[in-house]
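All values below were derived from every heavy atom in this structure, side-chain atoms included, with hydrogens, water molecules and symmetry-related copies excluded. Start at 1 and go down the list; that is how both ligands and their atoms are numbered.
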Amino acid sequence: MKEVDLVIRGAQVVSPDRIVPAAVAVAGEQIVAVGHDDTMPPAREELRADGLYLLPGAIDSHVHFRDPGYPHKETWKTGSAAAALGGVTTVFEMPNTHPATGTIEALRIKQKAAEASYVDFGIHGLLGDDTIDRLEELLEGGVTSFKAFVGNTFGNLPAPTDGALLEGFETLAPLGIRTVVHAENSSILQRRQKQMQAAGRIDAMAHLAARPAVAEIEAIGRVLTLAEWTGARVHIAHHSAADSLYLLREARARGVDVTAETCPQYLLLNTDHMRTLGGVMRLNPPIREPRHNQPLWDALMDGTLDMIATDHAPHAPEEKTRPNIWECDCGFPGVETQMPLMLTEVNRGRASLMDYVRWSSVNPAKAWGLYGTKGVIAPGAHADIAFVDMSRTGVLSQNKLQSISKISPWNGRAVQGYPVHTLLRGRFVMREGRLVQDMAGWGRSVKSVQRMPTAKPRNTEHYSSAILRTPPGVPETATPVGEIDWSRA
Ligand code: NCD
Ligand code: ZN
């Protein structure tokens with residue numbers, strides 16, 4: 001047998017339906033064998049991993065690395081280092097940088113910055129009124145997917161009009177490309193915030209009062225209506241409210257290709273924590289009342305919510321701790337703490353490791369067209385592996401975060417279960433809990449391995465959407481107006 005680069009022995013390999021003791025052989029960037037010890041080829045390096053679990057590396061669909069634009073908050077190098085430390089091997093990075101990722105020039109700047117990445121990545125391009133004519137160009141330029149900030153948030157990107165959202169979905173539906181939506185109703189948020197401010201409210205609870213769950217319910221409903229009409233694939237970011245889960249269930253039952261994430265903060269934190277943590281916990285959508293926590297767990301368990309993302313949204317400590325809540329930036333870091341937090345819940349018996357890998361890796365890999373290459377420990381897949389020690393205990397400390405943003409609501413939280421090594425395409429980017437410094441730049445775009453099957457667009461025979469794609473002049477295939485079957489329109 002040909003010598004391979006690495007054989008890992010003594011660990012248990014985790015997939016969504018089983019946990020099996022198995023050895024894993026890695027040659028170059030790929031897994032080449034998973035099986036009994038005796039069947040392994042000779043290797044340059046043999047690694048004992050007794051007592052550890054091998055999980056497919058986590059795929060975080062929602063991170064903000066702030067680069068270009070806000071290097072005092074985060075950079076690609078520091079954000080991706082945090083990911084590697086957290087057992088995360090692939091991230092999808094958000095477009096609310098400066099410049100926002102809505103032009104080819106801005107995309108090129110981001111791609112240059114991402115050359116420093118420790119982990120693999122996708123780039124979400126911006127879907128807004130001003131970018132609607134450039135979606136195909138951005139896709140050709142390398143974005144993997146799009147993001148629509150339907151609710152206002154950090155970066156103050158204007159929410160797309162409903163008309164632009166519909167047109168964007170009409171363009172993307174036949175291409176099979178999925179759009180992430182920050183689903184909150186901008187007009188509700190803006191009016192409520194003004195009212196709170198006029199009433200002199202500057203406390204943390206006023207942020208929640210300004211962003212009631214109905215803003216999320218309404219926006220998710222609207223987005224799903226447009227997705228169903230067009231056949232576009234959509235992804236609901238940071239699902240925070242119990243009350244909007246039924247919309248996901250109903251839309252799926254009608255055949256809408258919607259995926260949805262929630263984040264550890266919506267599962268494990270609530271207004272009780274906000275009273276003491278204040279602005280540190282300010283984020284969008286807001287962390288809500290305790291009654292939302294358990295239904296979100298239940299929705300992960302029953303598959304209504306597909307995955308855990310982090311919305312890693314780093315800011316400087318001084319930007320998070322101002323006395324006036326409206327002056328505290330929204331968001332906090334998370335890519336590094338997600339795995340220990342969730343593994344702690346697994347240790348508490350709230351879910352199994354098999355459930356966890358479905359949420360952390362398998363389902364995001366499927367949503368973004370990477371499954372088979374990523375999201376699985378099997379021959380032919382990328383050797384992206386989080387080595388997990390379920391018995392290791394510790395206390396999360398914001399000062400020890402790899403992220404530049406050393407402020408976190410998880411500071412001081414006791415956890416059990418840590419990633420101890422992170423392998424990305426056959427190379428360690430984190431080993432024994434330490435970053436492998438010279439692996440900066442090993443990360444690369446997943447665009448070349450992404451396979452999004454073409455979706456079946458709907459309602460494209462409708463005259464109003466057909467005309468959008470009609471180039472100037474009368475195309476040969478145009479139906480004379482008199483012959484259009486209006487009964488189908
Ligand atoms: C995010 C950020 O800071 O970029 N903030 C947040 O509160 N979630 C933006 C976002 O994801 O909405
Ligand atoms: Zn958002």
Side-chain angles (χ1 to χ4, degrees), residues 60-76 79 82 91-102 110 123-128 145-160 165 179-186 189-190 193 204 207-208 210-211 215-216 219-220 223 234-241 244 259-266 269 274 277-288 307-320 322 325-335 338 403-405 407-409:
D60 190 335
S61 303
H62 191 156
V63 303
H64 301 266
F65 284 170
R66 309 297 190 209
D67 188 1
Y70 311 95
H72 70 288
K73 294 180 193 278
E74 198 75 290
T75 65
W76 266 91
V91 295
F92 283 80
E93 209 269 342
M94 289 293 170
N96 59 336
T97 42
H98 189 74
T101 321
K110 180 159 288 186
I123 293 177
H124 296 304
L126 182 68
L127 194 165
S145 35
F146 287 92
K147 167 79 177 272
F149 288 93
V150 168
N152 71 302
T153 188
F154 178 74
N156 279 331
L157 297 168
L165 205 54
T179 301
V180 185
V181 183
H182 176 127
E184 287 184 284
N185 177 309
S186 249
L189 314 177
Q190 279 163 19
Q193 180 167 334
H207 176 66
L208 173 58
R211 301 178 90 110
E216 182 166 315
I220 292 179
V223 165
V234 288
H235 176 78
I236 306 299
H238 39 44
H239 194 120
S240 72
S244 36
T259 53
E261 69 191 34
T262 191
C263 314
Q265 52 269 31
Y266 299 113
L269 301 177
M274 206 185 291
L277 286 165
V280 174
M281 255 174 72
R282 185 179 188 214
L283 94 156
N284 304 320
I287 288 165
R288 303 186 188 280
M307 65 188 83
I308 296 288
T310 65
D311 186 11
H312 176 81
H315 298 286
E318 59 275 16
E319 295 165 334
K320 292 292 296 166
R322 296 171 181 138
I325 192 68
W326 310 115
E327 291 167 9
C328 295
D329 279 349
C330 294
F332 47 79
V335 73
Q338 176 272 115
S403 172
I404 293 178
S405 172
I407 182 120
S408 163

query = Between the side chains of R66 and H72, does any donor sit under 3.5 Å from an acceptor?
reply = no

The Zn ion (ligand 2) reached by H182 (N, O or S, under 2.8 Å) = yes

query = Atoms of ligand 1 less than 4.0 Å from H238 heavy atoms?
reply = 11 (O), 12 (O)

ask   = So do Q265 and F332 actually touch side chain to side chain, heavy atoms under 4.5 Å?
value = yes

key: Those residues that, when tested against H238, pass ring pair (Phe, Tyr, Trp, His ring centres under 6.0 Å) (two or more places apart)   = H62, H182

task = Check each atom of ligand 1 against the heavy atoms of H315 and keep those under 4.0 Å away; list them by number with element.
result = 3 (O)

inquiry  = My understanding is that we take every heavy atom of each candidate and find the minimum distance to atom 9 (C) of ligand 1. Doing that for T97, D329, T153, L157, which one comes out nearest?
reply    = T153

task = For L283, counting its heavy atoms only, list the atoms of ligand 1 lying under 4.0 Å from any of them.
result = 7 (O)

request  = For the residue pair S405 and E74, confirm or rule out a side-chain donor-acceptor distance under 3.5 Å.
outcome  = no

query = Considering only heavy atoms from C-beta outward, does the side chain of K320 approach that of P409 to under 4.5 Å?
reply = no

Atoms of ligand 1 close to H182 [distance to a heavy atom under 4.0 angstrom, numbered from 1] = 10 (C), 12 (O)

key: Test item: R211 side-chain N/O and P286 main-chain N/O as donor-acceptor pair under 3.5 Å   = no

task = Provide the number and element of each atom of ligand 1 under 4.0 Å from a heavy atom of H62.
result = 11 (O)

query = Looking at atom 7 (O) of ligand 1, what's its closest protein heavy atom, distance included?
reply = N284 N, 2.8 Å

remark   = Counting heavy atoms under 4.0 Å, the part of D311 that contacts ligand 1 is side chain

query = Is there a donor-acceptor contact under 3.5 Å from the side chain of E261 to the main chain of M307?
reply = no

query = Is E216 close to R288 at the side-chain level, that is, under 4.5 Å between some pair of heavy atoms?
reply = yes

key: R282 contact mode with ligand 1 (heavy-atom cut-off under 4.0 Å)   = neither

task = List the closest protein heavy-atom neighbour of atom 5 (N) of ligand 1: residue, atom name, distance to the nearest 0.1 Å.
result = C330 O, 3.1 Å

task = Select the closest option to atom 3 (O) of ligand 1 among H64, M94, R66, judged by heavy-atom distance.
result = R66

